[in-house]
S.K.: 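Please read through the structure below; I'll follow up with questions.
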2 protein chains.
Amino acid sequence: MMKLPGKTVERLSEYRRTLLECLNEKRNFIFSHDLAARLHITAVQVRRDLMLIGYSSVLRKGYDVRELIDTIGKIIDSEESMNVAVIGIGNLGRAVAGYFKGKRSKLNLVASFDNDPQKVNRVISGVKCYPYTDIERMIKELDIRIAILTVPPDFAREITEETVRFGIKGILNFTTIPLNVPSGVYLEEYDMITSIEKVAYFVKENKIY
Amino acid sequence: MMKLPGKTVERLSEYRRTLLECLNEKRNFIFSHDLAARLHITAVQVRRDLMLIGYSSVLRKGYDVRELIDTIGKIIDSEESMNVAVIGIGNLGRAVAGYFKGKRSKLNLVASFDNDPQKVNRVISGVKCYPYTDIERMIKELDIRIAILTVPPDFAREITEETVRFGIKGILNFTTIPLNVPSGVYLEEYDMITSIEKVAYFVKENKIY
DNA sequence: AAGCCAATGTTAATAATTTAACAATAATCA
DNA sequence: TGATTATTGTTAAATTATTAACATTGGCTT
Ligand SMILES: NC(=O)c1ccc[n+]([C@@H]2O[C@H](COP(=O)([O-])OP(=O)(O)OC[C@H]3O[C@@H](n4cnc5c(N)ncnc54)[C@H](O)[C@@H]3O)[C@@H](O)[C@H]2O)c1
Ligand SMILES: NC(=O)c1ccc[n+]([C@@H]2O[C@H](COP(=O)([O-])OP(=O)(O)OC[C@H]3O[C@@H](n4cnc5c(N)ncnc54)[C@H](O)[C@@H]3O)[C@@H](O)[C@H]2O)c1
């Protein structure tokens, strides 16, 4: 499979999320324009993305929801499941854990790490919290590949450097500090302030009073 | 000022965030390539964005950090400050509140809303929590324009419909449910699962074992 | 069963975004 | 001071992403 554009990968994830909701609603088929409308994009975009992953419905009564979920999974999931950990199980860490835990068959949230004695060795938001000092051992023992960083900013750089050294291959950074990782490690960053400021800018520009 | 591309607006927010860090570090000047490196983009991109907002340094010893912060503010902030509320002050709501509170001079987090009796009428993460039932009155009283949605998904649609009716002009939606808003209301959505799955995909594709 | 319709897959066109190229010019230093 | 260098602003090119156009085809209607 050819390497997909990042944007398409993001949308595939969104398609699957929406399709899973459809299953909840007992919808077994969905039209491209319907799926598109739920995500505020165009039907053409949906069809084009599905073309890129070689999915074809043949049927003209919409896509088979279950089948499409599986197809997307074959593309974006890894063969064997990949293990994930949250580092820093504070407010944000708990939100991530509670939300993500058990949502995906191929991405398992298997641990969290913290240095607060009140938190370590307990199960928090469905995930066992280990002392940060054990992280090297646990990354290896549990074969953790992806780290979600939700520690206070001051620790972000050091923790990144260490976890990468211990074998982490992908980092989702929620701390305020932009990180640097060696090539071979994939880094994704997100900051809410950017989103909020973007909303504020467009509210202002629309001149809605 | 011409309407800026959404991507540029996002980056301006990121530039400012980075520049504020520079101030912390007592750096008063920064080169385009330096700013770029911190954000993993190119210097050309930085210069082009600044060109778009009509900022020019003249000096060849980097941008004046303070001045650039101000200039960006003039572009992306609104004249008078804009008020923001968090709806649903659970884990994620508290993370947002704690992180955002007091960070921007022109964007004030002035309230949170919840329906949990344990939470209402208390100050949580630095913000007063009001009962959700008072939201109509409080939106008007406090002149709230932007809502950050961090309630359980089942309530997202109804709350959106109501708050828009009560005067909200921008929504940052963190719930899992894709929302629909009337035109004139700006909507931004973010879902961590997309980010995590994107990381997982690129880790897999890089074939890092 | 024939013909229409609605929805799809795909190629081509357009638009948005990023990157490259380069001229202009302060700062540096011999 | 004058040559050199480093950094900028800006135009042009390349790349990437989205949208439009359209031929195709299964389903539905009569
Ligand atoms: N990117 C975003 O959009 C966004 C939004 C909100 C918060 N944040 C950031 O996320 C981080 C966490 O926010 P929060 O509200 O959850 O804060 P928090 O204080 O509730 O959580 C931080 C957790 O990290 C733990 N911790 C501290 N030092 C540690 C270390 N050295 N090793 C391991 N664990 C450690 C603490 O014990 C705590 O449990 C902060 O950096 C905050 O600025 C980012
Ligand atoms: N988009 C993302 O990336 C992301 C990440 C994590 C969680 N989430 C979602 O964010 C939401 C909150 O997550 P959380 O971990 O903070 O959950 P939580 O249960 O800790 O918080 C939810 C809060 O909403 C309040 N609430 C419930 N019903 C309400 C109502 N009708 N009106 C007002 N307040 C109400 C609850 O009292 C609680 O305080 C969930 O929908 C979750 O799925 C999204």
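Chain letters run A, B, ... following the sequence lines, proteins first and then strands; every chain starts at 1.
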S.K.: How long is the line joining CD1 of B/I41 and P of C/dT17, in whole Å?
M.R.: 14 Å
S.K.: What's the verdict on side chain to side chain donor-acceptor pair (under 3.5 Å) for B/D191 and A/Y99, showing C-alpha distance, side-chain angles and the deciding distance?
M.R.: CA-CA 10 Å; B/D191 196 300; A/Y99 176 42; 2.6 Å; yes
S.K.: Distance criterion of 3.5 Å, no angle test: do you see the side chain of B/R48 paired donor-to-acceptor with the base of C/dT19?
M.R.: yes
S.K.: Rounded off to whole Å, could you give me the CG-to-P distance for the A/D49 and D/dA17 pair?
M.R.: 11 Å
S.K.: Answer yes or no: does atom CD of A/E25 have more than 12 heavy-atom neighbours from other residues, nucleotides or ligands under 6.0 Å?
M.R.: yes
S.K.: Out of C/dT17, D/dT10, D/dT18, which has the shortest distance to the side chain of B/M51?
M.R.: D/dT10
S.K.: Just to confirm, is there a sub-4.0 Å distance from OP1 or OP2 of C/dA7 to any side-chain nitrogen or oxygen of A/S32?
M.R.: no
S.K.: Within the 4.0 Å heavy-atom criterion, would you say B/F29 contacts the bases, only the backbone, or no part of the nucleic acid?
M.R.: nothing
S.K.: Starting at CG of B/L35 and ending at C1' of D/dG9, how long is that distance when rounded to a whole Å?
M.R.: 16 Å
S.K.: Nearest to the A/F31 side chain among D/dT8, C/dA7, C/dT18, which nucleotide is it?
M.R.: C/dA7
S.K.: Which part of the nucleic acid, if any, lies within contact of A/T8, taking any heavy atom under 4.0 Å across all strands shown: a base, the sugar-phosphate backbone alone, or nothing?
M.R.: nothing
S.K.: Calculate the interatomic distance between B/L4 atom CG and C/dT18 atom P; express it in whole Å.
M.R.: 13 Å
S.K.: Could you state the CG-P distance from A/L52 to D/dT16, rounded to the nearest angstrom?
M.R.: 14 Å
S.K.: Mind calculating the distance between CD (A/E10) and P (D/dA17) to the nearest angstrom?
M.R.: 10 Å
S.K.: By nearest atom, which of the nucleotides C/dA7, D/dG9, C/dA20 is closest to the B/S57 side chain?
M.R.: D/dG9
S.K.: If you assign each of A/V58 and A/V44 to its closest nucleotide in DNA chain D, which residue comes earlier from the 5' end?
M.R.: A/V44
S.K.: Please report, rounded to the nearest Å, how far the P atom of D/dT16 is from the CD atom of B/Q45.
M.R.: 14 Å
S.K.: For B/L39 and C/dT18, what is the distance between atoms CG and C1' respectively, to the nearest whole Å?
M.R.: 16 Å
S.K.: Can you classify the ring geometry of A/F202 versus B/Y186 as parallel (below 30°), tilted (30 to 60°) or perpendicular (above 60°)?
M.R.: parallel
S.K.: Within less than 4.0 Å of OP1 or OP2 of D/dG9, is there a side-chain N or O belonging to B/Y63?
M.R.: yes
S.K.: Taking the side chain of A/K61 as heavy atoms from C-beta outward, which of C/dT18, D/dG27, D/dT19 is closest to it?
M.R.: D/dG27
S.K.: Considering only side-chain heavy atoms of B/R60, which listed nucleotide, C/dA24, D/dT18, C/dG9, is closest?
M.R.: C/dA24
S.K.: When the ring centroid of A/F29 is compared with that of A/Y63, is the distance short of 6.0 Å?
M.R.: no
S.K.: Side chain of B/H33: nearest nucleotide among D/dT7, C/dA7, C/dT18?
M.R.: D/dT7
S.K.: Please tell me which of the listed nucleotides, D/dT11, C/dA27, C/dA7, lies nearest to the side chain of B/L59?
M.R.: C/dA27
S.K.: Between B/E197 and A/R16, is the closest basic N to carboxylate O distance under 4.0 Å?
M.R.: yes
S.K.: What pair of heavy atoms forms the shortest contact from A/A97 to A/S125, and how long is it?
M.R.: CB-CB, 3.8 Å
S.K.: Measuring to OP1 and OP2 of D/dT24, would you say a side-chain N or O of A/R47 lies under 4.0 angstrom away?
M.R.: no
